[in-house]
Amino acid sequence: MEFPIYRPRRMRRTKLLRRMIKETYLTPYDFVYPTFVVPGKGVKEEIKSMPGAYRFSVDKLVEEAKELQKLNVNYMILFGIPETKDPEGSGAYGKDGIIQRAVRAIKDATQLVMITDVCMCEYTSHGHCGILKGEEVDNDATLDSLALIALSQAEAGADIIAPSDMMDGRVDAIRSILDENNFSHIPILSYAAKYSSAFYGPFREAAESTPQFGDRKSYQMDPANGREALREVTLDLQEGADIVMVKPAMPYLDIIRMVKDEFDYPVAAYQVSGEYAMIKAGAKMGWVDEAKIMLESLTCIKRAGADIILTYFAKDIAKIL
Ligand code: PBG
């Protein structure tokens, strides 16, 4: 296969020829819309560093969910900001916790598939993703709380449980408690390879989940490590994960590809808040074309191997597909 016998440009000459050899297509079913729920009534406040993304009270969130359904965005992942926080993050598993109420309300009003994030950082006064022992997050003590959170979400009607805490053994703990309580049909989407990333900055503002001291490096992964992601994914699959996620997405396309090639399981990728914020900021300055960058970044995340993409652009992309 050599020039001039092979000329790749032949198949790029017209739009229809290009379309004929197009390898990657996006559909609305590829996307999960992440959003935030806060206490109160009638609240819809834009997140400063994430234009076009909002924090909703439950009543407003139900309206948003109905709109998503109209746009054929069928999947939502929800993060809750509770009224009060404590060191144990107990607000995360109350029957009438913010997430539990939101899930019930949305399931009553729509057919959306509701994914709930299992983590404690939005609920703990110290902002870490687990129970502290001194200044360290105690892995095994945290597992019991995570299991309780997952169970309370399933009881509220969550369709998929998505642990994002990065404790060792959490998928097993969650799978066990779900199975023991007649929720063996509820899938687990695990944030299997979640990196300790500066790209989460805007999310932490939105979710009020910035750690009060230190950082998350003792539980989230080092961005320098690729092979370690395979070990993380292996563990989560052994423990019963149904979908494995890589996060963030765009700076980690190599990890998405490695996970896709190595395992025969659905792969999700999370285009996180910082990725979204950078595109929005660049567009606001007039330096990049927002719609084109959105389409290209999502296409490339799918091309890299993601079957499912969590993105704050879910509504915008669905409108143009
Ligand atoms: C909770 C959680 C985080 C994100 C999703 N779940 C933040 C973090 O780990 O600090 C980030 C999502 C985003 O940046 O869009 N642990």
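Atoms within a ligand are numbered from 1 in the order they appear, just like the ligands themselves.
In terms of protein heavy atoms, atom 16 (N) of ligand 1 is closest to Lys194 NZ, 2.9 Å. Closest to atom 14 (O) of ligand 1 among all protein heavy atoms lies Ser273 OG, 2.7 Å. At the top of the distance list for atom 10 (O) of ligand 1, counting protein heavy atoms only, stands Arg204 NE, 2.6 Å.
Under a 4.0 Å criterion applied to the non-hydrogen atoms of Cys121, ligand 1 contributes the atoms 1 (C), 16 (N). Atom numbering of ligand 1 starts at 1 in the shown order; those under 4.0 Å from a heavy atom of Cys119 are 1 (C), 16 (N).
Alongside Tyr6, the hydrophobic cluster contains Met1 (criterion: ILVMFWY side chains under 4.5 Å).
Residue contacts with ligand 1 leave out Ser209, since none of its heavy atoms falls under 4.0 Å from the ligand. The closest approach between a heavy atom of Met166 and any atom of ligand 1 is not below 4.0 Å. Under the 4.0 angstrom criterion for non-hydrogen atoms, Lys247 is in contact with ligand 1.
How far CD1 of Ile293 is from NZ of Lys280: 12.5 Å, rounded to the nearest 0.5 Å.
If you look at Phe79 and Phe203, their ring centroids are closer than 6.0 Å.
Results of the ring-ring contact (aromatic ring centres under 6.0 Å, His included) test with Tyr252 over Phe199, Tyr270, Tyr195 single out Tyr195 as the only residue that passes.
For the pair Val73/Pro28, no side-chain contact is recorded, criterion being any heavy-atom separation below 4.5 Å from C-beta on.
The shortest heavy-atom contact between Ser297 and Ile279 is OG-CD1, 4.1 Å.
The proximity of Tyr276 to ligand 1, defined as any non-hydrogen pair under 4.0 Å, does not occur for either the backbone or the side chain.
Between Phe203, Phe199, Tyr312, Tyr200, it is Phe203 that holds the heavy atom closest to atom 3 (C) of ligand 1. Of the options Met50, Arg216, Gln271, the smallest heavy-atom separation from atom 8 (C) of ligand 1 is shown by Arg216.
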Quiz item: Step by step, would you call Thr124 with Lys85 a side chain to side chain contact (heavy atoms under 4.5 Å, CB included)?
Solution: CA-CA 5 Å; Thr124 53; Lys85 306 184 187 226; over 6 Å; no

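Judged by distance alone, the side chains of Asp242 and Tyr265 never bring a donor and an acceptor atom under 3.5 Å apart.
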